[in-house]
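The block underneath contains the structure these notes are about, expressed in structure tokens.
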Amino acid sequence: MEESVIFQWSVFRSVLAILQWWSFNVTVIIMNKWIFQKLDFKFPLTVSCVHFICSSIGAYVVIKVLKIKPLIMVEPEDRWRRIFPMSFVFCINIVLGNVSLRFIPVSFMQTIKSFTPATTVVLQWLVWRKHFDWRIWASLIPIVGGILLTSVTELSFNMFGFCAALFGCLATSTKTILAESLLHGYKFDSINTVYYMAPFATMILGLPAMLVEGNGVINWFHTHESVWPAIIIIFSSGVLAFCLNFSIFYVIHSTTAVTFNVAGNLKVAVAVLVSWLIFHNPISAMNAVGCAITLVGCTFYGYVRHMLSQQSPPPGTPRTPRTPRNRMELLPLVNDKLDDKV
């Protein structure tokens with residue numbers, strides 16, 4: 001009886017964790033698109049900078065003031081030698097995601113971001129010369145095929161937005177690969193990642209945002225009809241972006257690796273559906289099929305990685321990079337499934 005109660009509570013906690021993760025993620029994506037499209041605040045660098053500032057403050061409050069999470073100590077030398085390069089790639093990743101969201105629909109952007117497993121495998125193979133089982137390569141076929149079908153049939157296709165999303169995938173993959181060497185020896189969770197990287201990202205992006213978008217932002221202030229409600233929405237999206245990073249810590253510690261993978265891909269489907277209901281961007285039947293193929297391919301890829309990680313390779317066989325068995329190893333450098341936002 002007691003075991004049954006514990007199991008039911010575990011299931012309930014997992015479902016609750018996934019639902020709150022989905023809620024934060026989808027809300028941030030929709031709010032960012034709303035800012036660009038409905039508020040006519042077409043300044044992705046500034047929006048990204050606001051998110052970094054809110055995340056820096058939020059992480060400081062959680063770690064230093066509320067002490068909800070212990071601070072992982074990093075040597076001052078490592079902050080510049082290791083954290084700063086990671087922050088630079090992290091900054092590019094977030095900015096490219098917001099730039100793509102400025103020019104293409106949420107559905108198209110989310111589908112392209114699902115290309116990240118393929119770019120990660122290819123970069124690891126080319127740069128690190130890592131060996132991958134043939135089943136890993138085979139699992140990438142539906143992902144690539146789904147992306148191609150979605151791109152060809154996208155009714156609101158924009159080349160600049162498409163390239164920004166695609167290069168965002170490369171930035172996400174680069175961030176993941178660099179983490180293996182630059183952050184070796186540190187077990188960062190999502191909150192400590194934000195604590196160290198968001199201030200650096202703010203410093204990196206602050207000046208370019210002012211130079212590129214400063215005049216446009218000032219003109220927007222003078223011409224927009226409801227400035228203060230719009231500003232509240234913009235900063236609220238920053239607060240929710242930090243909450244999104246906080247939620248990933250909860251969901252990873254409440255679910256298994258397989259559940260996390262499946263939930264992450266279903267989250268994309270939820271984001272696509274909600275964005276379509278709100279913004280009514282046209283989606284053709286073949287476009288929807290391409291998106292579905294991509295998500296199924298991502299789920300299959302995660303399943304293959306998990307199954308291979310459970311197998312012991314024959315002696316002398318190069319190992320396929322495994323799916324982390326320790327949940328702390330699953331914690332991404334601000335979450336590849338959430339790379340939609342700090």
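Here the structure is a predicted model, which means the values were calculated and not measured. As a basis for the values below, the full set of heavy atoms in this structure was taken, side chains included, without hydrogen atoms, waters or symmetry mates. The first residue in the sequence is number 1, and the count goes up from there.
No donor-acceptor pair under 3.5 Å is formed between the side chain of Ser139 and the backbone N or O of Tyr301. A donor-acceptor pair is defined here as one N or O able to donate and one able to accept, closer than 3.5 Å; such a pair exists between the side chain of Glu154 and the backbone of Ser156. Using modelled atom types, one side-chain atom of Asn219 and one backbone atom of Asn215 make a donor-acceptor pair closer than 3.5 Å. At distances below 3.5 Å, at least one donor-acceptor pair connects side-chain atoms of Lys33 with backbone N or O atoms of Leu101. Side-chain N or O atoms of Asn192 include one that pairs as donor or acceptor with a backbone N or O of Ile72 at under 3.5 Å. With hydrogens and angles ignored, the 3.5 Å screen pairs a side-chain donor or acceptor of Ser275 with a backbone N or O of Val272. Distance alone, capped at 3.5 Å, is enough to place a donor-acceptor pair between the Trp22 side chain and the Ala263 backbone.
By the 4.5 Å heavy-atom criterion applied to side chains, Ile29 and Gln110 are counted as neighbours. Counting only heavy atoms from C-beta outward, the side chains of Ile112 and Phe162 approach each other to under 4.5 Å. The closest side-chain heavy-atom distance from Thr111 to Ile147 is below 4.5 Å. Phe115 places a side-chain heavy atom less than 4.5 Å from the side chain of Thr119. Residues Leu170 and Phe167 have side chains in contact (heavy-atom distance under 4.5 Å, counting atoms from C-beta outward). Counting only heavy atoms from C-beta outward, the side chains of Leu295 and Ser114 approach each other to under 4.5 Å. Looking only at side-chain heavy atoms (C-beta outward), Thr116 and Ser173 come within less than 4.5 Å of each other. When side chains are defined from C-beta on, Val99 counts as touching Val95, because their heavy atoms get closer than 4.5 Å.
In summary, of the residues considered (Phe84, Tyr195, Phe52), a ring pair (Phe, Tyr, Trp, His ring centres under 6.0 Å) with Phe200 occurs for Phe84 alone. Partner Trp220 forms a ring pair (Phe, Tyr, Trp, His ring centres under 6.0 Å) with one of Phe36, Phe43, Phe41 and no other, that one being Phe41.
Side-chain contact annotation: Asn281 with Ser107, donor-acceptor N/O pair under 3.5 Å present. For the residue pair Thr150 / Asn287, no side-chain donor-acceptor distance below 3.5 Å is found, with atom types taken as modelled.
Within a 6.0 Å sphere centred on CH2 of Trp137, heavy atoms belonging to other residues, nucleotides or ligands number more than 12. Counting non-hydrogen atoms of neighbouring residues, nucleotides and ligands closer than 6.0 angstrom, the CZ atom of Phe88 reaches no more than 12 such neighbours.
Taking all atoms of both residues into account, the shortest heavy-atom contact from Asn158 to Gly161 is OD1-N, 2.9 Å. Nearest heavy atom pair, residue Ser48 against residue Asn98, reads OG-ND2, 2.8 Å. A pairwise comparison of heavy atoms in His51 and Ser237 identifies NE2-OG, 2.9 Å as the closest pair. What you find for Arg305 and Ile136 is that their closest heavy atoms are CD-CD1, 2.8 Å. Counting all heavy atoms, side chain and backbone alike, Ser55 lies closest to Ala198 at CB-CB, 4.2 Å. Taking both residues in full, the closest heavy atoms of Gln20 and Ser247 are given as OE1-CB, 3.0 Å, listed atom of the first, atom of the second, then distance.
At a threshold of 4.5 Å between side-chain heavy atoms, the hydrophobic network of Ile, Leu, Val, Met, Phe, Trp and Tyr places Val28 and Ile278 in one connected group. Under a hydrophobic clustering in which Ile, Leu, Val, Met, Phe, Trp and Tyr are joined whenever their side-chain heavy atoms come within less than 4.5 Å, directly or via other members, Val270 and Met31 fall into the same cluster. There is a path of hydrophobic side-chain contacts, each under 4.5 Å, that joins Val212 to Ile53. The cluster map of Ile, Leu, Val, Met, Phe, Trp and Tyr, joined by side-chain heavy atoms under 4.5 Å apart, puts Met197 and Met203 in the same cluster. A continuous path of Ile, Leu, Val, Met, Phe, Trp and Tyr side chains, each step under 4.5 Å between heavy atoms, connects Ile104 with Trp34, placing both in one hydrophobic cluster.
The distance from the CD1 atom of Ile234 to the CD1 atom of Ile232 is 10.5 Å, given to the nearest 0.5 Å. Separating the SG atom in Cys291 from the CD1 atom in Ile283 is a distance of 7.5 Å, to the nearest 0.5 Å. Taken to the nearest 0.5 Å, the CZ atom of Arg135 stands 9.5 Å off from the CZ atom of Phe300. Atom CD1 of Ile94 sits about 13.0 Å away from atom CG of Leu45, to the nearest 0.5 Å. One finds the NZ atom of Lys175 at 6.5 Å from the CE atom of Met86 (value rounded to the nearest 0.5 Å). Atoms CG and CD1, on Leu277 and Ile30 in that order, are 9.0 Å from each other to the nearest 0.5 Å.
Between Asp40 and Lys38, no side-chain nitrogen of the basic residue sits less than 4.0 Å from a carboxylate oxygen of the acidic one, so the salt-bridge criterion is not met.
Applying the side-chain contact (heavy atoms from CB on, under 4.5 Å) test to Val74 and every residue at least two apart in sequence or in another chain returns Asp78, Arg79, Ile83, Tyr186, Phe188, Tyr196. Every residue was checked against the side-chain contact (heavy atoms from CB on, under 4.5 Å) condition with Ile141, not counting sequence neighbours, and none meets it.
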| field | Full working for side chain to side chain contact (heavy atoms under 4.5 Å, CB included) between Val121 and Lys130 | value | CA-CA 9 Å; Val121 169; Lys130 285 194 174 182; over 6 Å; no
| Would Val304 and Leu308 count as a side chain to side chain contact (heavy atoms under 4.5 Å, CB included) if you check the C-alpha gap in whole Å, the side-chain angles of each, and the deciding distance to 0.1 Å? | CA-CA 6 Å; Val304 170; Leu308 290 175; 3.8 Å; yes
| field | Full working for side chain to side chain contact (heavy atoms under 4.5 Å, CB included) between Val50 and Cys54 | value | CA-CA 6 Å; Val50 168; Cys54 291; 4.2 Å; yes
Donor-acceptor contacts under 3.5 Å from residues 60-67 side chains, at least two apart:
from, atom 1, to, atom 2, distance (Å)
Lys67, NZ, Lys64, O, 3.3

